[in-house]
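Written out below as structure tokens is the structure these notes cover.
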Amino acid sequence: MNLLKLQEQIRETVRRSAVELFDIEIEQIAAEVPPKTEFGDLAFPAAFELAKQIKQKTGEKQNPRAIAEKLKAKLEDLIFIQKIDIAGPGYLNIFYNRSRFLAESSDAGLLPNESLSKSTTAKKVCVEHTSVNPNKSAHIGHIRNSVLGDSFVRILKASGKRVEIQNYIDNTGVQVADVVVGFIHLLKMDLADIEDLNERLQADGVSFDFYCWDLYARIGQEYQHNEELKSKRAEVLHLIEEGGNDTAKLADFVATTNVHCILRTMERLSIRYDLLPRESEILHLHFWQKAFEKMKSRGVIKFETEGKNAGCWVMPFESHTGNDEHDADKILVRSNGTVTYTGKDIAYQMWKLGLLGLDFNYKLFHTYENGKDVWITTANESFGGDIPQFGHCETVYNVIDTRQSYPQEVVKKGVATIFPEKGEDASVHLSYEMVALSSAAAEELGFELSDEDRKKPFVEMSGRKGLGVKADDLIDRLEANALKEVESRHPDAPHSERKEIATTIAVGALRYFLLKFTKNTIIVFDFKEALSFEGETGVFCQYSAVRANSIFRKLKESDLVESRQFIRQNPESVAEVFESEHGSDIWSVAILAARLEETVETAINASEPAILAKYSFNLAKAFNLFYHNHKIIAEENEAKRAVLIATADLVRRSLTTALETLGIKVPEKM
RNA sequence: GCUCCCGUAGCUCAGUUGGAUAGAGCGUUCGCCUCCUAAGUGAAAGGUCGCAAGUUCGAAUCUUGCCGGGAGCACCA
């Protein structure tokens with residue numbers, strides 16, 4: 001019996017009782033976690049709802065407390081309920097049977113559905129995240145996307161969903177073209193020169209994507225006064241899109257090398273992908289033409305013969321009202337016959353949902369250190385052994401920042417218009433706010449701010465300006481800080497171990513930092529805050545888990561087994577412990593640890609990983625208090641010791657799993 | 001002009017479907033290591049939940065208006 005099942009059972013009893021006692025059917029029985037342990041473990045405000053409905057139905061005014069009394073009588077027989085209080089104006093506060101609960105949960109799995117995610121036949125959901133333009137290194141804003149997406153994937157898997165992770169590579173877009181213009185026309189380099197450059201950079205320990213970062217910023221500057229250079233951009237872009245020429249080959253090398261760099265950065269943060277679909281294949285395998293045919297045959301797209309959109313194919317949108325300046329219709333094919341990004345995106349979205357009737361070819365791109373393969377699309381024949389089946393997902397989550405809400409809505413509505421049978425629910429835009437820089441952070445990066453900039457609450461990052469905190473730089477700084485701390489604490493540990501601990505801490509700090517904010521909060525990046533290892537941080541959570549684990553390292557292995565056995569066999573003694581002076585404090589930690597599964601569900605329903613991050617922090621905090629107040633190993637009372645051990649074990653398992661679900665590992669020691 | 005988001009303690013933020021005395025972290029002040037890791041922990045101070053009206057037994061949460069801040073509304077991606 002886990003908490004979710006127990007809750008459902010109690011809910012069902014309340015629902016049935018409402019029908020039996022008052023002949024009223026309540027569709028949604030609200031249950032809440034009371035704000036304090038004294039108020040019990042589960043609270044129902046159902047009596048308020050019933051009082052309202054009774055009044056509506058019969059005109060008779062009933063006191064919510066009296067209604068609660070009647071419901072209480074019906075619930076008291078349930079075996080897991082110890083007692084029921086009626087509190088305040090009519091709350092039904094349920095107290096679980098603590099000793100029975102502890103006995104059952106002490107060796108139960110915390111996420112019973114997780115194993116379902118490994119099924120190879122179940123329906124699949126797709127999460128697309130990262131999708132950094134492969135023309136420069138990733139910055140902290142990109143990392144927010146990836147960490148959010150990766151954590152959401154982990155949360156989905158924790159609840160038993162089979163998930164495919166895609167990272168879209170826009171290898172034929174203007175951003176890549178800009179860097180290519182830089183290489184060819186500014187630096188006068190050809191492919192062989194760039195390959196040499198890459199080798200030299202590697203020898204010097206400089207990453208290719210860092211080099212491109214600077215080049216991209218330089219191009220941005222050059223464009224402002226060099227019209228001739230700017231005119232090369234369209235030419236280069238055209239050659240890249242067309243393919244099969246030297247410029248396209250050069251661009252492919254630049255993009256692919258950057259993809260490798262970005263994947264390496266992401267792997268530092270335990271972020272990995274299943275598939276890298278590329279824009280070049282969407283073009284060369286004619287995905288758009290196929291989607292275009294479907295749109296035409298289903299009559300959801302029209303050719304404009306007059307007005308300012310004359311010569312364009314547009315998709316009409318009723319939801320957006322047009323005005324003089326802005327049109328309600330979305331152009332998918334330009335008057336020169338080329339397709340817009342949104343058009344390509346609709347075709348790609350159709351493919352993800354298995355609606356296009358065309359497929360990519362695939363080849364193995366890279367095998368991660370943990371043995372996992374990541375595949376990439378190709379226009380040539382597939383190769384590389386057993387190719388998994390990609391796409392054909394029942395739901396697609398696109399992790400994209402909120403600035404792209406409008407094009408995302410077009411994609412979602414577009415696909416739903418073409419395939420009404422699939423509907424809008426199949427496409428979910430997981431939208432989040434941007435990461436901006438505090439003016440202090442921008443200045444720390446060496447950027448001069450105008451007075452106007454300084455007045456603003458934050459400075460927006462810009463790859464084009466080279467203004468941003470590069471992910472690798474930040475991870476490096478976090479690692480260095482962590483390493484210094486680890487070295488002073490564990491001077492005797494081998495260097496490799498200290499290094500590994502520092503890495504784990506740095507990743508935990510960064511991931512938690514990005515996850516503790518809810519999605520629609522703009523993160524104004526500040527170095528001091530991001531580099532902190534104290535207070536509400538990933539490090540705090542890791543530290544609690546480490547301390548919990550260290551208790552079990554010092555206990556005999558048999559202690560845990562014996563404690564569990566004692567708890568099963570002596571419910572009365574256990575109940576006594578919970579009724580003693582600190583009993584409720586111990587209980588509140590144990591019950592919190594048991595709420596992992598329901599927290600995961602809440603996080604999915606709200607598409608909000610921050611809920612799980614907050615939960616981890618609160619659990620860690622509760623454990624610290626517990627740890628501070630109770631000496632576990634030294635406890636002399638057998639029953640109390642067993643309860644303390646079982647509780648500490650429940651917490652460390654729950655906390656470790658919660659953190660793992662956020663992509664945060666717990667080091668051996670720290 | 002239209003659409004969306006935000007406004008909660010000095011600062012940065014939580015507050016899940018409307019519920020019990022609005023919570024954290026940082027910062028400030030004063031405490032706690034003979035004891036399982038002090039990256040910890042206790043206490044204090046700090047709030048007209050932007051303003052106003054409405055709905056409700058009940059509003060930080062829902063509705064409307066106003067004020068302030070941000071983003072978007074391309075034949076860019």
Side-chain angles (χ1 to χ4, degrees), chain A residues 28 30-36 39 43 45 48 51-52 55 64 87-91 93 133 170 173-175 279 308-309 311-312 314 319-328 330-336 338-342 344-345 401-407 409 431 433-434 436 438 456-458 460 482 485-486 489-490 505 509 516-518 520-524 526 528-529 532-537 539-540 542-544 546-548 550-555 599 601-603 605-606 608 610-611 613-614 617-618 621 624-625 627-635 648 669-670:
Chain A
Q28 196 75 40
E32 40 194 78
V33 176
K36 288 184 176 180
F39 296 150
F48 304 123
K52 191 187 283 179
K55 197 180 156 196
Y91 278 100
N93 288 345
N133 274 305
D170 185 1
V174 278
Q175 297 215 24
E279 187 177 61
K308 64 178 156 65
N309 291 342
C312 299
V314 303
S319 65
H320 278 260
T321 45
N323 60 24
D324 296 346
E325 268 180 276
H326 303 291
D327 219 311
K330 180 71 194 171
I331 292 168
L332 298 185
V333 180
R334 303 181 186 105
S335 53
N336 67 6
T338 56
V339 56
T340 61
Y341 183 83
T342 307
K344 282 180 262 185
D345 216 10
D401 78 75
T402 182
R403 285 172 290 192
Q404 296 196 44
S405 293
Y406 173 65
E409 198 193 334
S431 127
E433 268 291 357
M434 63 177 156
S438 67
K456 290 185 177 172
F458 51 76
E460 209 172 322
E485 197 64 37
V486 174
R489 286 159 192 260
H490 303 285
I505 289 172
K516 73 173 177 178
F517 300 94
T518 50
N520 52 10
T521 297
I522 298 174
I523 298 180
V524 181
D526 181 78
K528 188 167 168 269
E529 226 184 308
S532 169
F533 289 161
E534 281 163 24
E536 195 195 338
T537 62
V539 181
F540 177 100
Q542 290 172 318
Y543 186 66
S544 295
V546 166
R547 292 208 294 185
S550 107
I551 294 170
F552 288 88
R553 240 197 320 276
K554 297 201 170 159
L555 281 171
T599 306
E601 290 306 315
T602 311
N605 292 335
E608 184 53 275
I611 291 173
K614 289 283 172 193
F617 173 66
N618 285 327
K621 200 149 55 89
N624 281 347
L625 187 62
Y627 182 90
H628 189 252
N629 289 338
H630 304 283
K631 296 289 162 258
I632 295 156
I633 296 173
E635 177 58 47
K669 60 183 171 198
M670 59 191 283

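Because the structure is a prediction, the values reported are computed rather than measured. The sequence lines fix the lettering, A, B, ..., with proteins before strands; numbering per chain opens at 1.
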Note to self: Syn if the chi torsion is within 90° of 0, anti otherwise; quick check, which is B:C33?
What the structure shows: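 For B:C33, whose glycosidic angle is within 90° of 0, the conformation is syn.
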
Looking at [X], I'd like to know whether one of its side-chain N or O atoms comes within less than 4.0 Å of OP1 or OP2 on [N].
X        : N     : answer
A:Arg547 : B:G40 : no
A:Ser431 : B:C5  : no
A:Thr340 : B:C75 : no
A:Tyr341 : B:A77 : no
A:Asn624 : B:U41 : yes
A:Asn520 : B:C6  : yes

Of A:Met670 and A:Ala30, the one whose nearest nucleotide on RNA chain B sits closer to the 5' end is A:Ala30

* A:Lys669 or A:Glu529, whichever maps to the more 5' nucleotide of RNA chain B ->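 Of the two residues, A:Glu529 wins.
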
Between [options], which nucleotide gets closest to the side-chain atoms of [X]?
X        : options             : result
A:Lys36  : B:U21, B:A39, B:A74 : B:U21
A:Glu460 : B:A20, B:A71, B:G40 : B:A71
A:Cys312 : B:C75, B:A71, B:C36 : B:C75
A:Lys554 : B:U41, B:U37, B:A39 : B:U37
A:Glu279 : B:A77, B:U41, B:A14 : B:A77
A:Ile632 : B:A39, B:C36, B:A74 : B:C36
A:Lys528 : B:U12, B:A20, B:C26 : B:C26
A:Thr521 : B:A14, B:A20, B:A39 : B:A14
A:Lys614 : B:G70, B:U41, B:A14 : B:A14

Nearest whole angstrom, please: distance from the [atom2] of [N] to the [atom1] of [X].
X        : N     : atom1 : atom2 : value
A:Ile522 : B:U12 : CD1   : P     : 12 Å
A:Arg489 : B:G40 : CZ    : C1'   : 9 Å
A:Glu409 : B:U3  : CD    : C1'   : 9 Å
A:Ile551 : B:C36 : CD1   : P     : 11 Å
A:Ile505 : B:A39 : CD1   : P     : 11 Å
A:Phe617 : B:C13 : CZ    : P     : 16 Å
A:Glu536 : B:G25 : CD    : P     : 8 Å
A:Ile331 : B:A77 : CD1   : P     : 12 Å

Rounded distance in Å between the [atom1] positions of [N] and [M]:
N     : M     : atom1 : value
B:A60 : B:G7  : C1'   : 11 Å
B:G23 : B:G40 : P     : 23 Å
B:G18 : B:G27 : P     : 37 Å
B:A38 : B:U17 : P     : 38 Å
B:A53 : B:A59 : P     : 14 Å
B:G69 : B:U8  : C1'   : 16 Å
B:A22 : B:C35 : C1'   : 37 Å
B:U12 : B:C51 : C1'   : 24 Å

If every non-hydrogen atom of [X] is compared with every non-hydrogen atom of [Y], which pair is closest and at what distance?
X        : Y        : value
A:Ile505 : A:Ala482 : CG2-CB, 3.8 Å
A:Asp526 : A:Ser438 : OD1-OG, 3.6 Å
A:Pro45  : A:Glu32  : CG-OE1, 3.4 Å

Mate of [N] where both pairing distances stay under 3.5 Å, Watson-Crick or G-U:
N     : value
B:G42 : B:C30
B:C51 : B:G65
B:G72 : B:C2
B:G58 : none
B:U21 : none

Mind checking if [X] touches a base, just sugar-phosphate, or nothing, with heavy atoms under 4.0 Å?
X        : answer
A:Thr602 : base
A:Glu433 : nothing
A:Glu601 : nothing
A:Tyr543 : base
A:Val314 : nothing
A:Thr342 : nothing
A:Lys456 : nothing

Below 4.5 Å, heavy atoms only, C-beta onward: do [X] and [Y] meet side chain to side chain?
X        : Y        : value
A:Met434 : A:Asp401 : no
A:Glu608 : A:Thr518 : yes
A:Tyr627 : A:Arg547 : yes

Under a 3.5 Å distance rule, please check whether [X] uses its side chain to pair with a backbone N or O of [Y] as donor and acceptor.
X        : Y        : answer
A:Ser532 : A:Glu529 : no
A:Ser544 : A:Phe540 : yes
A:Asn618 : A:Lys614 : yes
A:Thr340 : A:Ile331 : yes

| said: Between B:A20 and A:Asn93, counting only base atoms on the nucleotide and side-chain atoms on the residue, is there a donor-acceptor pair under 3.5 Å? | reply: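 Present.
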
(request) Look at the side chain of A:Ser335 against the base of B:C75 and say whether a donor-acceptor pair falls under 3.5 Å; ignore hydrogens and angles. (result)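 Counting by modelled atom types and ignoring angles, a donor-acceptor contact under 3.5 Å is found here.
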
| message | Going by centres under 5.5 angstrom and planes under 30 degrees, do the aromatic ring of A:Phe39 and the base ring of B:A20 stack? | response |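 A stacking contact exists, since A:Phe39 sits close and nearly parallel to the base ring of B:A20.
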
